[in-house]
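Note that these values count all heavy atoms, side chains included, but never hydrogens, waters or copies made by symmetry. Computed from a prediction, not measured in an experiment: that's the story for all the values here.
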Amino acid sequence: MDDVVIVGAGPVGLMLAGELALAGVRPLVLDKRPEPSELPRANGVIGQAVDLLEQRGLLKGARRPPRFPFGPVPLPLARLDVPLRTVVIQQPRLERLLAGRAAELGAEIRRGREVRSLTQDEQGVTLHVAGERPVRAGFAVGCDGGRSLVREQAGIGFPGTTDDEVLRLGHFRGRPKLGGLARGWNEFPGGRVLLTSLRPGVHIVAVREKGGPGEKGGAVTVGDLRAALRRVTGRDLPLGEPIWLTATVAQARLAERYRAGRVFLAGDAAHLFPAGGSALNVGLVDAAELAAKLAAHLAGAPARVLDAYEAERRPQAERTLAHTRAQRALERLSGEEGAALRDLLGEVFAHPESARHLAALLHGSTGPYAPPGAPARRRRRRPTLRASRA
């Protein structure tokens, strides 16, 4: 019987595997995809996740950005001593780093293994895998995304809301022809258009609109993106050679609990945020904290140590859900009212204390954080944020 089986070999599942292996536990990772994905679903890491990956020797080149977006309003951080730092790294490369580290430390990663169901009893969890014998483990962790089968099988609710706007996005090779549009977000009566680039020779085009024909999420074609551009802007925009296209609908959801007996949730299986930039940050730290609790219990700590995972991480997800909902509200508010509010907030954010507070919020600072095994004298303290009372 395995000590811990992790369902999902995305960044959070691989981080959890590496942290468990580092603590002396040999986890098993099951992923239904036969090969690692090469899709650039995420393009960088921020905040506490940067600190964690640096401490593990996995990332270099973190920087404190001169400006960072809070929804559509930039935070001016150039001359401020704030904890928020960023690293640009696309998800496929991050997954390769995390998978290599986990395997080197002794974790086993099995791809092409689809978990169909699971059951649990007082001694462990049984996972039923398509075409194979059941897998037995002391604990199971769902790192299998927003549509988590593990969460569903564990009977954990996932309340929240789904946006009524669809975002169609594509990565393209070549030099973009802006067609009179500015870099960044461009606002129109029927929606918004983003033009940006994260690496030389590749540009990103995104269209956000309310409703619109076709599916609101999943697969999208170049024709779909062109049609959306035409509906919103009234013009055609040369796009270049497509690399990757997708359509997404923002969701704001939080699992009712992070644990059901011997089954735990981490990452998108536990929370979905409606604004970008926070999911990986929160999910990777989820993984580090859960690994510490599981390893401690397997080494002999009382069972109550497992309850500390939800007690520590769910409040951070609640806080992140609140500020990403605020960011999304700022994005959605259009016309003169929206412009006036964004202008006013730009003035507020120019005050150092306001910018520091929001930078700490985006960083994920809720108290001191140190990965398992770090000497106490070297632990780095971070500013503590307290939720205001209504």
| message | Keeping Asn281 on the side-chain end and Ala49 on the backbone end, is there a donor-acceptor pair under 3.5 Å? | response | yes
| request: Verify the distance criterion only: is there a donor paired with an acceptor across the side chains of Thr320 and Gln316 at less than 3.5 Å? | output: yes
| If you round to the nearest 0.5 Å, how far is OH of Tyr309 from CG of Leu290? | 5.0 Å
| field | CA sep, side-chain torsions, deciding dist, call: Leu169, Ile204, side chain to side chain contact (heavy atoms under 4.5 Å, CB included) | value | CA-CA 7 Å; Leu169 178 146; Ile204 299 171; 4.1 Å; yes
| task | Run the salt-bridge test on Arg113 and Glu132 with the 4.0 Å N-O cut-off and return the result as yes or no. | result | yes
| Trace of the salt bridge (charged side-chain N to carboxylate O under 4.0 Å, His left out) decision for Asp31 with Arg110 | CA-CA 6 Å; Asp31 193 280; Arg110 297 183 193 169; over 6 Å; no
| Does Arg313 count as lying over the ring of Tyr258, i.e. NZ or CZ under 6.0 Å from the six-ring centre, within 45 degrees of the axis? | no
| query | Can you find a pair of side-chain heavy atoms, one from Leu294 and one from Val141, that are under 4.5 Å apart? | reply | yes
| message | Check Asp2 with Arg136, please: is the shortest side-chain N to carboxylate O separation under 4.0 Å? | response | no
| task | Report yes if the side chains of Val205 and Leu229 come closer than 4.5 Å at any heavy-atom pair, otherwise no. | result | yes
| Sub-6.0 Å ring centroid separation between Phe273 and His271 | yes
| query | Do side-chain atoms of Glu209 reach the backbone of Arg168 as a donor and acceptor pair under 3.5 angstrom? | reply | no
| said: Considering only residues two or more places apart or on different chains, which pairs with a residue in residues 243-269 satisfy salt bridge (charged side-chain N to carboxylate O under 4.0 Å, His left out)? | reply: Arg259-Asp307
| Going through the distances and angles, do Arg325 and Leu321 end up as a side chain to side chain contact (heavy atoms under 4.5 Å, CB included)? | CA-CA 6 Å; Arg325 276 177 164 152; Leu321 191 59; 3.7 Å; yes
| query | Between Thr221 and Asp224, do the side chains contain an N or O donor and an N or O acceptor separated by less than 3.5 Å? | reply | yes
| Do the side chain of Gln120 and the main chain of Ala260 share a donor and acceptor less than 3.5 angstrom apart? | yes
| So, for Ile46 and Leu362, which heavy atoms are closest and what is the spacing to 0.1 Å? | CD1-O, 3.9 Å
| Can a salt bridge be assigned to the pair Lys32 and Glu114 using a cut-off of 4.0 Å between side-chain N and carboxylate O? | no
| message | I need the single residue from Glu337, Glu187, Glu336 that forms a salt bridge (charged side-chain N to carboxylate O under 4.0 Å, His left out) with Arg342. Which is it? | response | Glu187
| request: Answer yes or no: is there an ion pair linking Glu38 with Arg93, defined by an N-O contact shorter than 4.0 Å? | output: no
| query | Any donor and acceptor pair, going by atom type alone, linking the side chain of Arg26 with main-chain N or O of Gly106 inside 3.5 Å? | reply | yes
| Going by side-chain heavy atoms closer than 4.5 Å, which hydrophobic residues are tied to Val263, directly or by a chain of links? | Val5, Val7, Leu28, Leu30, Val115, Leu118, Val125, Leu127, Val129, Val135, Leu149, Val150, Ile156, Leu265
| message | Over 60° means perpendicular and under 30° means parallel, so tell me whether His297 and Phe139 are parallel, tilted or perpendicular. | response | perpendicular
| query | In terms of side-chain geometry, is the basic nitrogen of Lys60 or Glu54 positioned less than 4.0 Å from the acidic oxygen of its partner? | reply | no
| message | Do Glu353 and His357 pair up side chain to side chain, a donor and an acceptor below 3.5 Å, judged on atom types alone? | response | no
| Do other residues, nucleotides or ligands put more than 12 heavy atoms under 6.0 Å from Arg67 CZ? | no
